[in-house]
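Notes for the one structure printed next.
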Number of protein chains: 2
Amino acid sequence: MTTIRDVAKRAGVAPITVSRVLNNAGYVRPETRQRVEQAAAELHYVPNMLAHSFRSHRTNTLALVVTDITNPFWTTVARGVEDVASAAGFSVFFCNTDENEAKQGQYIAALLRRRVDGVLLAPASSNGADVHALQRQRVGVVVLDRRIEGVAVDIVRGDSVDGAFQLVHHLTGLGHRRIALLAGPAGLSVSQERAAGYEQALRAAGLTPEPALLRFGAFTVASGYAMMRDLLAHRPTAIFAANNFIAAGALTVIREAGLRTPEDISVVVFDDLPDPYVTAPVLTVVVQPAYALGRAAAARLLTRLQQPDLPPHELVLPVQMIVRSSTAAPPPPA
Amino acid sequence: MTTIRDVAKRAGVAPITVSRVLNNAGYVRPETRQRVEQAAAELHYVPNMLAHSFRSHRTNTLALVVTDITNPFWTTVARGVEDVASAAGFSVFFCNTDENEAKQGQYIAALLRRRVDGVLLAPASSNGADVHALQRQRVGVVVLDRRIEGVAVDIVRGDSVDGAFQLVHHLTGLGHRRIALLAGPAGLSVSQERAAGYEQALRAAGLTPEPALLRFGAFTVASGYAMMRDLLAHRPTAIFAANNFIAAGALTVIREAGLRTPEDISVVVFDDLPDPYVTAPVLTVVVQPAYALGRAAAARLLTRLQQPDLPPHELVLPVQMIVRSSTAAPPPPA
DNA sequence: CTGAAAGCGCTTACAG
DNA sequence: CTGAAAGCGCTTACAG
């Protein structure tokens, strides 16, 4: 394998000069630079980034740890992260935890061993241990989408309370009084915040939240299906699904029960399903700016790498409701 | 930062002994092992994998380069790869090329610099240059899903010819005579093979392929939409979409044109859209074993890393047709 | 079963 | 603008 030494020999310079050329660091005479570049090309030289990183203590690598790689919300976030990172010369390690705390711990340990410069973490739980472990080793961290407890750290997330409020306010405005919430895991801040927005909107309409109409589960199709099955007996006239996959499960139950949307039951959802998902009906939704969220989080992480002592900051991105054909006035009481 | 040396000092042994404990390599007395492990834990020691890899010439890292990270086919493949890799102690770098040859080249260069042990590549084109570059640097390679030209390399893919034949044969069996193919990029082996299976099935039914009914495009919703718009004037009674995203685009056109499926037009597709995609109608499909494909490819790559001189091998996984409600006999001629 | 010495391929820190 | 020397934190190769 050819090394910087071989290139140096061929170009008639010292290894350190080759290093300067390859890293665009320090002064090199244009002619010297050209001779080095030519020698490198002729030898098919491939820089050894392991040696570089090992010596310089910089890997130019970030990691993005998400909870469900099959959810288009997260793949869209990933594109935002990747675009910002690669423009700044960083590579990104994508990791998928399946909302599993143990898996998350294993990934964090692996990333620490690899000496990534920074981590963007969508935490699988509110437990701050992993963030703490990263900070102890002086790895940059930005928490995505969710809040965690007891740790001072940068956060970038969408406005769940406001989004939930908008959706449920829309439903009460249409005259709905029996609105169910199919929420995510009870322990996550996003679940709690969407439930808070839901209750605020109910109260604003003079309604009292009914425990039987609020279910916690998981951000999966199967969970949406199970929660919706349980709910049918309680005769909701509208459903608020806390994410897109929950909505997909709920819609399957609705279809199987022979109910029509929006005539028999209205449906609203947090997070859109993009184009390729040929949904019917077309859902009233709160859209989080997933791509912008990825970009903002990556940008913040790069800033933190340069200024480690910046005070932690929470960035809450606004969300937007799009009213489509899945919502209408409730059916007249039977 | 604490090093192997600090751990050694605390445990009262030599650094090499710590190395042996951490890597489970060579003989270590159980008591010595325990002392070392305790010292490492007390010091919150995090092994420096950069130093390890740099010295040992092994990174325990693979890369998976796919063409569209938003397509569930590829995320499912990714899970298969990840499961096999992590069981064997390897991490996986996920890279997304967007079917862009230049982006692929950049990723391959970055992976070479990082000295990944092996690469699973779904090539964005039939050009073998990147595979050649990997092989020259003695990086293991397995090509996924598609064939490339002029390079001896392991390949793992689904049976496109057979899958296409099955779908189109199903349509001719129902009585269709005007069957259109919305294919992927003309230069890719998968596109050519699906077109070949399509033509074979037509000929087997005594039909002559009609150039106006075969369109090449891209594996995207937008391309499916555009191709389908162009096709409407040619009055096909059935559509064969070469992948799931093309089908999604075509279905939008069909819906906008006020056509019903399957009454007015039948639709078949290569690659399923999974659960969360609440499609209507439910499509007749050829399913590739995406998860198994990922597993098989990763397993092959691990084998090759251990036996670099194995002759190249092509593994073609069988595919399965599932007949659902999007296909029926063609409407009577107007 | 354990260790002392050398070296992996770069960059840092210092000179000139 | 260029270079000689030292060293990053491990593992290899050899000894005992």
Side-chain angles (χ1 to χ4, degrees), chain A residues 1-40 43-61 89 110 112-117 137-139, chain B residues 1-40 43-61 89 110 112-117 137-139:
Chain A
M1 197 119 293
T2 85
T3 73
I4 214 175
R5 197 181 199 84
D6 303 319
V7 176
K9 214 167 284 175
R10 187 177 190 101
V13 297
I16 181 62
T17 301
V18 177
S19 171
R20 288 194 180 106
V21 170
L22 297 172
N23 296 296
N24 272 313
Y27 298 93
V28 181
R29 246 200 334 202
E31 306 140 55
T32 312
R33 166 178 296 279
Q34 206 183 359
R35 255 190 305 144
V36 169
E37 277 168 350
Q38 190 180 335
L43 294 171
H44 294 296
Y45 172 67
V46 179
N48 186 332
M49 198 169 157
L50 294 170
H52 172 104
S53 295
F54 166 51
R55 187 61 183 89
S56 66
H57 300 290
R58 304 198 66 235
T59 53
N60 288 293
T61 307
L112 282 170
R113 284 194 297 272
R114 284 168 184 281
R115 300 291 194 266
V116 296
D117 296 324
Q137 304 291 333
R138 316 209 153 276
V139 175
Chain B
M1 198 119 295
T2 84
T3 72
I4 215 175
R5 195 178 201 86
D6 303 318
V7 177
K9 214 166 282 174
R10 188 177 189 99
V13 298
I16 180 64
T17 301
V18 177
S19 170
R20 287 193 180 106
V21 169
L22 296 171
N23 296 296
N24 273 313
Y27 299 93
V28 181
R29 246 197 336 198
E31 307 140 54
T32 312
R33 164 177 298 277
Q34 208 184 357
R35 254 190 306 144
V36 169
E37 278 168 349
Q38 192 180 333
L43 294 171
H44 295 296
Y45 172 67
V46 179
N48 186 331
M49 198 166 156
L50 294 169
H52 172 103
S53 295
F54 167 51
R55 187 61 183 88
S56 67
H57 299 291
R58 302 198 66 235
T59 53
N60 288 292
T61 307
L112 283 169
R113 285 194 296 271
R114 285 168 184 280
R115 301 292 195 262
V116 297
D117 295 325
Q137 304 290 334
R138 317 211 151 276
V139 175

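What you see below is based on every heavy atom in this structure, not just the backbone, and it leaves out hydrogens, waters and symmetry mates. Letters A, B, ... mirror the listed sequences (proteins, then strands); counts begin at 1.
- Between the base of C:dG3 and the side chain of B:Arg20 there is a donor-acceptor pair shorter than 3.5 Å.
- Applying the 4.0 Å criterion to OP1 and OP2 of C:dT11, one finds that A:His52 has a side-chain N or O inside that range.
- In this structure, A:Tyr27 does not reach the D:dG3 phosphate: none of its side-chain N or O atoms is under 4.0 Å from OP1 or OP2.
- Using a 4.0 Å heavy-atom cutoff across all strands shown, B:Thr32 reaches sugar-phosphate atoms only and no base atom.
- One interatomic measurement links the two molecules: CZ of A:Arg115 to C1' of D:dC8, which rounds to 12 Å at whole-angstrom precision.
- Under the 4.0 Å criterion applied to side-chain N and carboxylate O atoms, A:Arg35 and A:Glu31 are not assigned as salt-bridge partners.
- Between the side chain of B:Arg55 and the base of C:dG9, no donor-acceptor pair under 3.5 Å is found.
- For B:Gln34, the CD atom counts as loosely surrounded, since its 6.0 Å shell holds 12 or fewer non-hydrogen atoms of other residues, nucleotides or ligands.
- Between B:Val13 and B:Thr32 there is a side-chain heavy-atom pair separated by less than 4.5 Å.
- Between A:Ala51 and B:Pro15, the residue anchored nearer the 5' end of DNA chain C, judged by the nucleotide with its closest heavy atom, is B:Pro15.
- Nearest-nucleotide mapping onto DNA chain C: of A:Ile16 and B:Arg29, the residue sitting toward the 5' end is B:Arg29.
- A:Ile4 is listed as a side-chain neighbour of A:Ser19, based on a closest heavy-atom distance under 4.5 Å.
- Note on A:Tyr45: every side-chain N or O is 4.0 Å or more away from OP1 and OP2 of C:dG9.
- For the segment residues 5-13 of chain A, the set of residues with a heavy atom within less than 4.0 Å of an atom of DNA chain D comprises A:Val13, in numerical order.
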